[in-house]
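Atoms within a ligand are numbered from 1 in the order they appear, just like the ligands themselves. Everything numeric in this text was worked out from a predicted model, so none of it was measured.
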Amino acid sequence: MDSCLTVEREIEKVLSKFGGLHDHGVDTLDTYITTLENLKKELNEASPDSEVQVTQSMVLNQTGHRILEAAGRMGQEHKDLHSTVSKVGKMIDRNFVSEFSAVFTESSFENEQAQELLNEIVCEHFLRQGKLEIAEALNKEANLNLDPMQMEPFLELHRILGALKRRTLQPALSWTAANRDKLEMQGSCLEFKLHRLQFIELVSQGPESQSQILQYARNFARFADRHSRDIQVLMGSLLYIRQGIENSPYAFLLDPINWEEICDVFTRDACALMGMSVESPLSVSIRAGCKALPPLLNIRQVMQQRQVSGVWTSKDELPVEIDLGAEHRYHSIFACPILRQQSTEHNPPVRLICGHVISRDALHKLASGNKVKCPYCPVEQNPDDAKVVVF
Ligand SMILES: [Zn+2]
């Protein structure tokens, strides 16, 4: 953060200098333009036969000199600006690390399969954002051969979301109707919330839409069990339809936050239905990487200073724990109570027949032949009966 502020201060210096130079330049030019125009007018006013007066030619000469001088000065000031600009570059170099080779595994994206996966994730990221042209170009140039059928759900999602942002509910309503069963299995309230918004829109149009409103209210019949309280509130708002609900205790129904919320609910429920994460895996990875980079660079430096670089050899584990905050916790982590180590892909937790869970390495250490005694309850069992636990 301090680094950002230092660089920002330097940029402000450049901007203020540039602003000053610009204002000064414009003023100087304006002054000389006016002087020259006055002289030109004076000369034009004289009769064509009369000669140029001595004073006039002197003034003209002097003005010419002064303009040349001013142009020279402005050129010099502009040159000086370069040094201030180049200082910003030096500040960036001094305050930010640009050498990251120490903290990444070069071979990560070397093989073809890994590269293809990376390209697919980048492509998916653009599809999620509705940047179809970029995604298609990447698909073509990186030979990803993504099936248009694979792209369609993203595009549909984006179209519907775009419509919701413009306060058009129809595409979302048709989508929920088509996916009603699956959404209900997820316990989604999306369809009700959409109808609720449509109803509020109609109510806000005033008494002339009354018959349409009553007709629309029939849509709520299906939701009577789960949302009776909300439906009562919506019906209550009808009492104020003549004076306008914006002037009634029901004004909160018009809060624009309802529209923001519906976009979130739609994204969450639609992503869950399609088996996708709500956030793009690429942006999550980049955010996590940005948070993890400074401590990793620090620890790498400390390791090099103390010459213990061999400590960080494991490729799928970091030498320190990096807390990325609750939003980035996806899985429970099992720590073996015997070896006091976190489980890994190669050393997963295993469940013994008595129900106690230890890591597989611990099980191998405790086993003698085809017998092992649970370290918690002394039940004797065959180590082969232990089952891998997946969280
Ligand atoms: Zn046991």
Side-chain angles (χ1 to χ4, degrees), residues 103-105 107-109 111 113-114 117-118 121 181-189 226 268-269 271-296 298-300 302-303 306 308-391:
V103 289
F104 69 75
T105 324
S107 55
S108 299
F109 293 108
N111 71 54
Q113 199 199 358
L117 279 174
L118 182 66
I121 287 172
D181 295 342
K182 287 188 212 159
L183 285 169
E184 261 169 30
M185 266 162 58
Q186 273 176 218
S188 158
C189 302
R226 269 179 78 194
R268 202 185 54 219
D269 288 0
C271 284
L273 192 131
M274 292 190 237
M276 300 189 312
S277 56
V278 174
E279 281 190 86
S280 142
L282 182 68
S283 45
V284 172
S285 311
I286 289 179
R287 242 182 304 147
C290 290
K291 275 191 186 173
L293 203 51
L296 286 181
N298 275 343
I299 191 127
R300 177 55 89 183
V302 173
M303 280 172 157
R306 303 209 177 147
V308 285
S309 49
V311 175
W312 186 358
T313 48
S314 169
K315 281 195 174 143
D316 52 4
E317 207 176 325
L318 297 173
V320 277
E321 191 168 327
I322 289 159
D323 189 4
L324 298 172
E327 67 198 294
H328 292 306
R329 270 178 218 141
Y330 301 99
H331 304 288
S332 315
I333 295 168
F334 176 78
C336 174
I338 306 296
L339 296 178
R340 306 204 175 276
Q341 272 178 350
Q342 282 187 6
S343 59
T344 62
E345 220 173 293
H346 308 293
N347 180 26
V350 290
R351 180 189 179 277
L352 307 177
I353 55 165
C354 54
H356 288 114
V357 180
I358 57 175
S359 69
R360 190 151 68 191
D361 283 357
L363 178 73
H364 288 157
K365 281 194 175 143
L366 292 169
S368 64
N370 59 357
K371 272 189 192 151
V372 65
K373 235 181 195 177
C374 171
Y376 290 97
C377 57
V379 172
E380 210 176 65
Q381 51 202 293
N382 186 335
D384 293 341
D385 290 340
K387 291 218 159 55
V388 172
V389 180
V390 180
F391 289 114

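- A distance of 6.5 Å separates CD in Q381 from SG in C374, rounded to the nearest 0.5 Å.
- Enclosure of atom CD in E380 by more than 12 non-hydrogen atoms of other residues, nucleotides or ligands within 6.0 angstrom is indicated.
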Just distance, no hydrogens or angles: give the donor-acceptor pairs under 3.5 Å from side chains in residues 383-391, sequence neighbours left out.
none

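- Taking CD from E184 and CZ from R226, the interatomic distance works out to 7.5 Å, rounded to the nearest 0.5 Å.
- Atoms of the protein (N, O or S only) found under 2.8 Å from the Zn ion (ligand 1) are C354 SG, H356 ND1, C374 SG, C377 SG.
- The one candidate from V350, N347, I338 that meets the side-chain contact (heavy atoms from CB on, under 4.5 Å) condition with D361 is N347.
- A distance of 10.0 Å separates CG in N298 from CG in L293, rounded to the nearest 0.5 Å.
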